[in-house]
Structure formats: structure tokens, C-alpha cells
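See below for the structure under consideration.
This chain uses plain numbering: 1 for the first residue, then up along the sequence.
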Amino acid sequence: MATSAVSSQGSDRRFIRTAMKAPLLEADHELNLARAWHEHQDEDALHELTSAYMRLVIAMAAKFRVYGLPMGDLVQEGNVGLMQAAQRFDPERGVRFSTYASWWIRSSIQDYILRNWSIVRTGTTAAQKSLFFNLRRLRALINDGGRASMTPEGRDFIADKLRVPLRDVEAMESRLSASDRSLNATVPGAEGGEGASMEWQDMLADDRPDPEDQTRESHDAEVRRRWLARALETLNERELFIIKRRRLSEDGQTLEALGEQLGISKERVRQVEHQALNKLRAALLKETDDMESMLEDD
């Protein structure tokens, strides 16, 4: 494993030295290369164009080494951004390719860092992404970087500077100050049953209902189902038809639609529905009264 890592680092250094030796492009030659690729898909032109700006990828990747990810991986992701820039670049816009490519390279590297810096997704919106990559810089600017936690004034300053809610600054500060921890890791100083070491996952609360609650809920649901079934038996045919289609179906029908089906006005449908609901309410109240009487007798 160590030999493989050393070999990889050597390959990275050779790649960087080669890339830094590539000649810079004059503006006219760069434009001709961009046109050759854009208009004729000339792969030789694409190779020369991207090779000349590999140094830009390396320089930008080096700025993000503070996030602890391998330099080779950062360069590789920067290359992805460089190729995307070459694919989308319009040479007739009057902009140097390096200027256009810088945005794509930086974006690709930043997306890679956000995906891999932690197993927990750190930032998803543009504001969170800006906060992630600017929090350290702004803390250093206000001489707050040496503290374990930020001062309230520091949080207010950063929230105002980046135009994000204060709660987002607090959440990102907490996220960046924490580290990923395996749920199978042993809790320091904790002992489980029979002297076995306790793991962090053993301390997680189980929010699921216990078997007793599940049984009680299932029983109550069955009781409510029987009550409703008996209450529906108190309705006549028209009332039952309206209640089923208005109240007991996923897509309740309108009063007007039911009126057309029954050959009555929608106002009459509303009256029948109101009458049916009163019947149901009375029947369900009787069921609960009967249940209370049974409990009192017991």
C-alpha cells in the first residue's frame, strides 16, 4: 500500500512538471484552436488547447489542498472542468479561453470537494456552497480563525458578508468543526454487557413504536373501521353514494358532477351530504357512548 502511494505521488509530480512545461498560447493561436475544435471537432486542436491550460488546473487545484483531499484527485476533477469548458466555449464571444475555463475548473473541483469532504452532504444550494468555501477565509479576516468556536459578532459579520441567514452560518460552523465517525467505533470508557465495548450505534435512540404500541394502534384502527362500517349502514342509498364519492375516495367528486349523475341540483347534493354527515356523527357518538358504558360496567 505504501509503495503504491509513493508511486502515485511520483506520477503526479511528473504530470505536473510536464504540464508546467507546455507553451503558453498567443491570443490569435488560441482563437484558431478554439475555432478548429468548435467548428470541425479537430481533436489535435483540442489537445493543444487543453494542454496549454493544464497549468491553470494545477494552480487552482493547489488552492484547495487545505481541504485534505489528494492533489492528484483535485487535478483530475479540474481536468473534467477544463474539458467541459472546451466543449462549451464559443470562440466568437471575444473572451479568452482561460477566463472562461477558470469558472468551470473551479466549479468542478468545488463540487468534488463537497461530495468527498464528508460522508454527509455538506452544501447543496449556491449560498451553502459559498459559505463552505469562504468560512475559513472570513474567519481569518476577522482574526477569529484561532478560536474553537466563533463569537456572536463573527457569525453576524459572516452572515452579513455572504448574505445568508445566521442559522446557516451556525450550522456550517458546527459541520466543519466536526469529523465523520463510524457508528461501529467504540465509545471511549464505555462498557456494554458482559464487559464488551459499547459502540456509538448502541447509543442511538430507536424512534420506531415498540410492539405494544403497534398492537394497540392496530387494535384501535380495527375498532374505528368497525365503527365507521356500522355508521355507514345508517345511511340510505343516495346518502351512501354521495358520501363514498365525496368523502371516501382519493379524488372526491364535485357537487356539480354528482348532481348530474343523480339528476338533482348541486345544492340538493350539498343538503343530502350535510344530512348524511349528521347521521354519521350521531352514529359514531353512539358507538363511543356504548363503549364507555361497557367500560363502566366492567
Side-chain angles (χ1 to χ4, degrees), residues 118-129 131 159 164-175 178 180-185 187 190 192-194 196 198-298:
S118 169
I119 59 174
V120 179
R121 189 63 184 265
T122 301
T124 55
T125 66
Q128 290 172 332
K129 187 174 180 180
L131 184 55
V164 297
L166 180 61
R167 63 178 180 273
D168 286 358
V169 176
E170 295 170 343
M172 188 61 71
E173 178 196 8
S174 174
R175 184 70 195 91
D180 294 335
R181 174 185 293 158
S182 171
L183 292 177
N184 297 117
V187 179
E194 300 181 358
M198 182 180 293
E199 298 179 348
W200 286 107
Q201 65 178 357
D202 298 327
M203 303 178 67
L204 295 177
D206 188 353
D207 296 329
R208 295 174 299 178
D210 58 38
E212 182 178 347
D213 291 336
Q214 290 178 323
T215 301
R216 185 184 302 111
E217 178 60 29
S218 177
H219 174 267
D220 291 347
E222 177 61 22
V223 170
R224 291 192 294 269
R225 188 193 65 78
R226 291 200 301 267
W227 284 359
L228 180 59
R230 287 197 290 266
L232 290 172
E233 291 175 356
T234 65
L235 305 181
N236 60 41
E237 185 177 351
R238 175 182 286 182
E239 292 169 342
L240 184 60
F241 178 85
I242 291 174
I243 289 297
K244 282 185 174 180
R245 282 158 179 75
R246 283 278 292 166
R247 304 285 179 168
L248 301 180
S249 63
E250 293 185 1
D251 301 321
Q253 290 185 262
T254 64
L255 296 172
E256 186 175 3
L258 286 173
E260 292 178 356
Q261 295 177 48
L262 296 172
I264 57 178
S265 67
K266 67 177 183 180
E267 175 58 27
R268 180 55 184 158
V269 173
R270 188 194 63 77
Q271 293 173 357
V272 174
E273 179 187 27
H274 181 69
Q275 178 180 314
L277 290 174
N278 285 336
K279 283 187 177 181
L280 290 175
R281 187 177 296 106
L284 291 173
L285 287 173
K286 184 176 183 303
E287 291 284 354
T288 57
D289 290 342
D290 291 345
M291 177 63 70
E292 291 178 357
S293 298
M294 290 174 59
L295 293 175
E296 290 174 357
D297 292 342
D298 291 342

Next on the checklist: For residues 247-262, which residue pairs pass the side chain to side chain donor-acceptor pair (under 3.5 Å) check, not counting sequence neighbours?
Outcome noted: Arg247-Glu273
Checklist entry - How far apart are the closest heavy atoms of Ala283 and Thr234, and which atoms are they? => result CB-CG2, 4.2 Å
Checklist entry - Minimum heavy-atom separation for Leu235 to Leu280, with atom names? => result CD1-CD2, 4.1 Å
Item to check | side chain to side chain contact (heavy atoms under 4.5 Å, CB included) partners for Leu248, two or more places apart | outcome: Leu232, Ile243, Lys244
Next on the checklist: Enumerate the salt bridge (charged side-chain N to carboxylate O under 4.0 Å, His left out) contacts for residues 221-231, please, sequence neighbours excluded, ordered by first and then second residue.
Outcome noted: Glu217-Arg224, Glu222-Arg225, Glu222-Arg226, Arg230-Glu287
Could you list the residues that satisfy salt bridge (Lys or Arg N to Asp or Glu O under 4.0 Å) with [X], not counting sequence neighbours?
X	answer
Glu267	Arg270
Glu239	Lys279
Arg281	none

Checklist entry - Can you check whether Val272 reaches Leu262 side chain to side chain, under 4.5 Å on heavy atoms? => result no
Next on the checklist: Rounded at 0.5 Å granularity, tell me how far CG in Leu258 sits from CD1 in Ile264.
Outcome noted: 8.5 Å
